[in-house]
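Down below is the structure, laid out as structure tokens.
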Amino acid sequence: MNVIALSWWQLAMAASLVLALAACTHFARLGMGKSLLVAAARTAIQLTLIGMVLEALFAVGSLHWVALMGVAMLLLAGREVIARQKYRLRGGWSFGIGTLSMFISAFSVTVLTLVAVIGPDPWYAPQYAIPLLGMLLGNTMTGVALGLDRLTESAHRSRDIIENRLMLGDTWTVALGDFRREAMRAGLTPIVNAMAAAGIVSLPGMMTGQILAGSPPALAVKYQILIMFTIAAGTGFGTFAAVAVCARRLFDGRERLRLDRLVAG
Amino acid sequence: MTALTLDRVSAGALQSISLTVAPGEIVCLSGPSGSGKSRLLRAIADLEEHGGSVCLGDQQQSALPAHSWRRAVMLVPAESAWWFETVGEHFEAPAPEVLREVGIAEDAGEWSVARLSSGEKQRLALARALTRKPAALLLDEPTANLDEDTTRKIERWLQATIREQALPVIWVAHREDQIRRVAHRHFTIDGANLKEREIRQ
């Protein structure tokens, strides 16, 4: 099957649609024409840059460069988790917890998938490793950010409840129990919904891209299923780890609720 | 029979507070708002970082797991919180007699917490705490939301329970008449210290 090459002027036509939308939002006085244009420009610039980086990376193909790229992606994802928190833990704990849990879940699931499932040669072949890691990190990041945000927000809002339960002699795990479960659910909900709706409501972006780029649909579907499952696992384990560690950090050794460890972000 | 002993406890504005509350004794504490009464109760319940040491009998606060300590030395806050749908879920076991004693219908277990009045909440919070069989009580204005008749009723019930179970009690109170009725000793807050006051009958 042939891939129809896209030229820049064809992208420019798509860009004109965004410009038209920006003009509409301006006339409707939504006050977001500027942010829309900035976001669109960022998409174009960031993706162009990453395209160049990926081309170079694919050409070199060494483990070091792939690992370096992975770490850079991880740190950026960690920063993004922080940016999405209404309250975060002081002293870099939120960054540490978010990054570490994404590292543990996204990296291990990626490596496992590469080695045991896809099996490219070498196993770290960048055209498999980097997109897979990117998909996993992006989704795990959402789960971790949602989970942490929900947990710290409900601890902040429900201080009276948590402390009253502590006063009655409940352990910190019992006192926080419902909020911890809620936070984990919040982190897992997007991927559960995405899996449930996949193929019915929407064709997932990756699969669509693959089909547009010329892959046979049956193969694209297989890859999409693989991605969905790995994303679910990565998001799930990452959210579990992040929420569990953050929950522990909200209490000290004497099981006191330590909201002073939170700072409004 | 265990006494509650504070040895040079410092928390917030209060510094180096030493005090022994005997079993069955009610020590009332009063002082302007913001003077550190609630903070002191929280320190005794180990909900705040604090200096000095607290003992229940010969049991050191720091030697027990925090949740075991709080189950023994139970703080009932001025404003109680409710987190389940119904009242009954907040009790470890059904306690019809205790509910009757605080003047609440025995079917209150089925009530929705969203419909409780502030007075009902306050009485239910006391009942909830006492059914957990604490060994000492820290009461933060336990009758602030009650009318005159109910206040008297709850005072008598608390006094009887405290005597029966020989609980050492620190009771934060504002009203002079209540302090006269319930206190064995009365302290006010004087800067960073407690100052004992005579109780005029």
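A, B, ... follow the sequence lines: proteins, then strands. Residue 1 opens every chain. Because the structure is a prediction, the values reported are computed rather than measured.
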TODO: Report, as yes or no, whether the 6.0 Å neighbourhood of atom CD on B/Glu79 holds more than 12 heavy atoms from other residues, nucleotides or ligands.
DONE: no
Task: Toward chain A, the part of B/Glu48 with a non-hydrogen atom under 4.5 Å - done: backbone
- [ ] Take atom CZ of A/Phe95 as the centre, draw a 6.0 Å sphere, and report whether it contains more than 12 heavy atoms from other residues, nucleotides or ligands.
- [x] yes
Task: Proximity breakdown for B/Leu130 and chain A, heavy-atom pairs closer than 4.5 Å - done: neither
Task: Contact class of A/Arg258 relative to chain B, heavy atoms under 4.5 angstrom - done: side chain
Open item on the list: Donor-acceptor check, side chain of B/Lys37 to backbone of B/Gly31, threshold 3.5 angstrom: yes or no?
Closed with: yes
TODO: Name the option with the most non-hydrogen atom pairs under 4.5 Å to chain B; the candidates are A/Ile161, A/Asp160, A/Asp178.
DONE: A/Ile161
Task: Donor-acceptor contact present, side-chain B/Thr131 to main-chain B/Arg128, <3.5 Å - done: yes
